[in-house]
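Worksheet for the structure shown next.
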Amino acid sequence: MFAVSVHFFWPFLVFGVLSLIGFRDTRQTRHAVLRNYPVAGHFRFLFEAIRPELRQYFFESNQDGRPFSRERRSMVYDRAKNIEDVLPFGTELDVYDTSHGWVNHSICPKPHGQDDMRVTIGGPDCKHPYSASLYNISAMSFGSLSGNAILALNKGAKAGNFYHDTGEGSVSRYHRQGGGDLVWELGSGYFGCRAEDGTFDAEKFREQAANPQIKMIEIKMSQGAKPGHGGVLPGPKVTEEIAEARGVPVGKDCISPASHSAFSTPLELLDFIVKLRELSGGKPVGFKLCIGHRWEFMAIVKAMLQTGIKPDFIVVDGAEGGTGAAPVEFANRLGTPLRQGLTFVHNCLVGTGLRQDIRIGASGKLISAFDIAGAMALGADWVNSARGFMFAVGCIQSQSCHTNKCPTGVATQDPSRQKALVVPDKATRVTNFHNNTIKALRDFSAAAGLNHPSEFKPEHFYLHEGLREVMPASAALTWLKKGALLDPVHELPGYSTYWAMATAESFEASKSVEAAKTLMHPHRRHH
């Protein structure tokens, strides 16, 4: 055969290679599938590896896809490209599903106004209040995102006049190069103002906070993706650029502890807020958290009442939020979802008479005008989005953020992959997405008969309650009256027991649930 044609060599070569693979498969001990199905068993691993792509490109319907459906991703892509985002032939959503929510329209809609859609953040003790857009870029660190992605986001924020949260990785050269407004997020690693031993360095903070790009300071208490969880960036991933931004040595493990070392009690947290406000020259200072134990947040509120010290803002992150990779249990089963966490924070501040001095931001899968309106109806003053702006900058939800192999150059430090992200084009898309979402919010508010999204109230937001009831959020959820928690005696489900457990001196509960209930009902016997 070889004498007739040399090409007969190739079938023998393929057969020989497959034979070697089969021989190895039957001898290896790691995979039972390969021992029982040598050679053919490899197709199982191949199809498993490309399963997300097969689902996304061939089998996914408009309403499939997690955490964001194809329809919602397409909405962002269209708005980012300045393409009209319309739906033909009616909604594909099941409007009778118990998870479906909506806002009722008005028979007398308002004219489409030209309001700038902004909110002023800064309490009585703030010297430099900040006028923020109602829609901004949520916390995503340089290191989690590529330098090109950070630069595109920041340039887009500058062009659109909205802010860009740095994430806990501090202010990088790409943030500064973009020139857009920044919210400096201060995590437990104190990156950008970190002493050699990993504690907070006041002088480094003062120098960094003087940057005119930095408009606000945000202390990260916890985040929706992995609340109560620290992190380690392995030494090999700590490049010169990342080390420069974070103020850590090149090539050494970069540790973010699970909790802060600058404070350990609610009273100390408020003292730290005062210190940061003074060191920054009077810029707005607040904190971000995903609600966990209710008495812990109430302990902070009691500390505010005891000291008179108040943050300028609080950002509530929902457990459904988060761009970073997290352990499965943390991502799926830890922390309070945004709707419940947001209403709880709002109620606590209203119930203690503090709400008028403290602004509330919200973050957690909020990418549409309806999402923003719903959050504002439940107590938010403005909204942040991470993944929405990731889509705008080119993310395709491949969910490979933790592998350093992001196919679009968004969530990777691989230089060759980053080159795929063309900064000027993506920066324009970031601006377009913001502006078109704000326009949709303006139109959505007008259709509901409102002059401004801040007029959305719980009675505008409708929810299914079970299989038969349809109720506005004003009836479906608990809402406290102003000062209700300050009454000497109160019995508010979901609030009074935890209020009795909270103390300004510690994040630990001062008493058990049973002891708190007994205190509220001293004559009730427990068997």
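- Between L276 and L186, some side-chain heavy-atom pair lies under the 4.5 Å cut-off.
- Not a single donor-acceptor pair under 3.5 Å links the side chain of Q223 to the backbone N or O of K220.
- Within the structure, side chain to side chain donor-acceptor pair (under 3.5 Å) contacts touching residues 287-299 (residues at least two apart or in different chains) are E185-K288.
- The aromatic ring centroids of F391 and F433 lie 6.0 Å or more from each other.
- Under a 3.5 Å cut-off, the side chain of S170 and the backbone N or O of T166 do not form any donor-acceptor pair.
- Within the 4.5 Å cutoff, no side-chain heavy atoms of L349 are placed close to those of D357.
- For the residue pair H164 and A157, the shortest heavy atom distance occurs at CB-CB, 4.3 Å.
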- Task: Begin with the C-alpha distance, continue with both residues' side-chain angles, and end with the deciding distance and a verdict on side chain to side chain contact (heavy atoms under 4.5 Å, CB included) for R277 and V285.
- Result: CA-CA 6 Å; R277 195 181 282 138; V285 179; 4.0 Å; yes
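- By the 4.5 Å heavy-atom criterion applied to side chains, K439 and N435 are not counted as neighbours.
- Using bins of under 30°, 30° to 60° and over 60° for the plane-to-plane angle, the ring pair F263/F272 lands in the tilted bin.
- No more than 12 heavy-atom neighbours from other residues, nucleotides or ligands sit within 6.0 angstrom of CD on E508.
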- Item | Pair R118-L134, side chain to side chain contact (heavy atoms under 4.5 Å, CB included): steps then yes or no | CA-CA 5 Å; R118 304 188 75 80; L134 295 186; 5.9 Å; no
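- In this structure, the side chain of E168 does not engage the main chain of S256 through any donor-acceptor pair within 3.5 Å.
- Here the straight-line distance linking atom CZ of R442 with atom CG of L450 works out to 14.0 Å at 0.5 Å rounding.
- Considering NZ of K302 and CG of L305, their distance stands at 9.0 Å, rounded to 0.5 Å.
- Side-chain polar atoms of S188 and H260 form no donor-acceptor pair below 3.5 angstrom.
- Panel note: side chain H460, backbone K457; a donor-acceptor pair is recorded below 3.5 Å.
- Rounded to the nearest 0.5 Å, atoms CG (L289) and CD (E218) are 10.0 Å apart.
- Between the Y135 side chain and the S368 main chain, no donor and acceptor come within less than 3.5 Å of each other.
- Within the 4.5 Å cutoff, side-chain heavy atoms of Y462 are placed close to those of V470.
- For the residue pair Q340 / T336, no side-chain donor-acceptor distance below 3.5 Å is found, with atom types taken as modelled.
- Without hydrogens or angle criteria, D181 side chain to N161 main chain gives no donor-acceptor distance under 3.5 Å.
- Taking the six-membered ring for Trp and the full ring otherwise, the centers of F205 and W184 sit less than 6.0 Å from each other.
- Between the CD1 atom of I291 and the CG atom of L342 there is a distance of 9.5 Å, given to the nearest 0.5 Å.
- Applying the salt bridge (charged side-chain N to carboxylate O under 4.0 Å, His left out) criterion to R339, with sequence neighbours excluded, gives no partner residue.
- Salt-bridge check for D381 with R355: passed, with a basic side-chain N closer than 4.0 Å to an acidic carboxylate O.
- Looking at F456 and F444, their side chains come closer than 4.5 Å, going by heavy atoms from C-beta outward.
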- Task: For V103 and F370, run side chain to side chain contact (heavy atoms under 4.5 Å, CB included): C-alpha distance rounded to whole Å, both residues' side-chain angles, the deciding distance at 0.1 Å, then the answer.
- Result: CA-CA 8 Å; V103 169; F370 171 74; 4.0 Å; yes
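- Aromatic pair F162/F389: ring centres closer than 6.0 Å.
- Under the 4.5 Å side-chain criterion, counting only non-hydrogen atoms from C-beta, M304 is not in contact with I309.
- In this structure, the side chain of S510 does not engage the main chain of T503 through any donor-acceptor pair within 3.5 Å.
- Q413 CD to S146 OG: the interatomic distance, rounded to the nearest 0.5 Å, is 6.5 Å.
- Taking the six-membered ring for Trp and the full ring otherwise, F344 and Y495 have centroids separated by under 6.0 Å.
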- Query: Going through the checks in order, is the side chain to side chain donor-acceptor pair (under 3.5 Å) test met by S172 and H175?
  - Reply: CA-CA 5 Å; S172 71; H175 291 100; 2.9 Å; yes
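- In this structure, C348 SG and L480 CG are separated by 7.0 Å, a value rounded to the nearest 0.5 Å.
- Checking side-chain atoms of N384 against main-chain N and O of S363 turns up no donor-acceptor pair under 3.5 Å.
- Proximity of a side-chain donor or acceptor of S133 to a complementary backbone N or O of N136 within less than 3.5 Å is not detected.
- Judged as a salt bridge (charged side-chain N to carboxylate O under 4.0 Å, His left out), and not counting sequence neighbours, the contacts of R429 are D425.
- In plain terms, the two heavy atoms of V410 and A149 that are nearest each other are O-CB, 3.6 Å.
- Side-chain atoms of N347 come within 3.5 Å of backbone N or O of T343 as a donor-acceptor pair.
- In this structure, the side chains of I360 and V315 stay at 4.5 Å or more apart for every pair of heavy atoms.
- In this structure, the ring of F507 has its center no less than 6.0 angstrom from the ring center of F297.
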- Can you list the steps and then say if I273 with K310 is a side chain to side chain contact (heavy atoms under 4.5 Å, CB included)? CA-CA 8 Å; I273 287 173; K310 291 166 280 191; over 6 Å; no
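- For H128, the NE2 atom counts as densely surrounded, since its 6.0 Å shell holds more than 12 non-hydrogen atoms of other residues, nucleotides or ligands.
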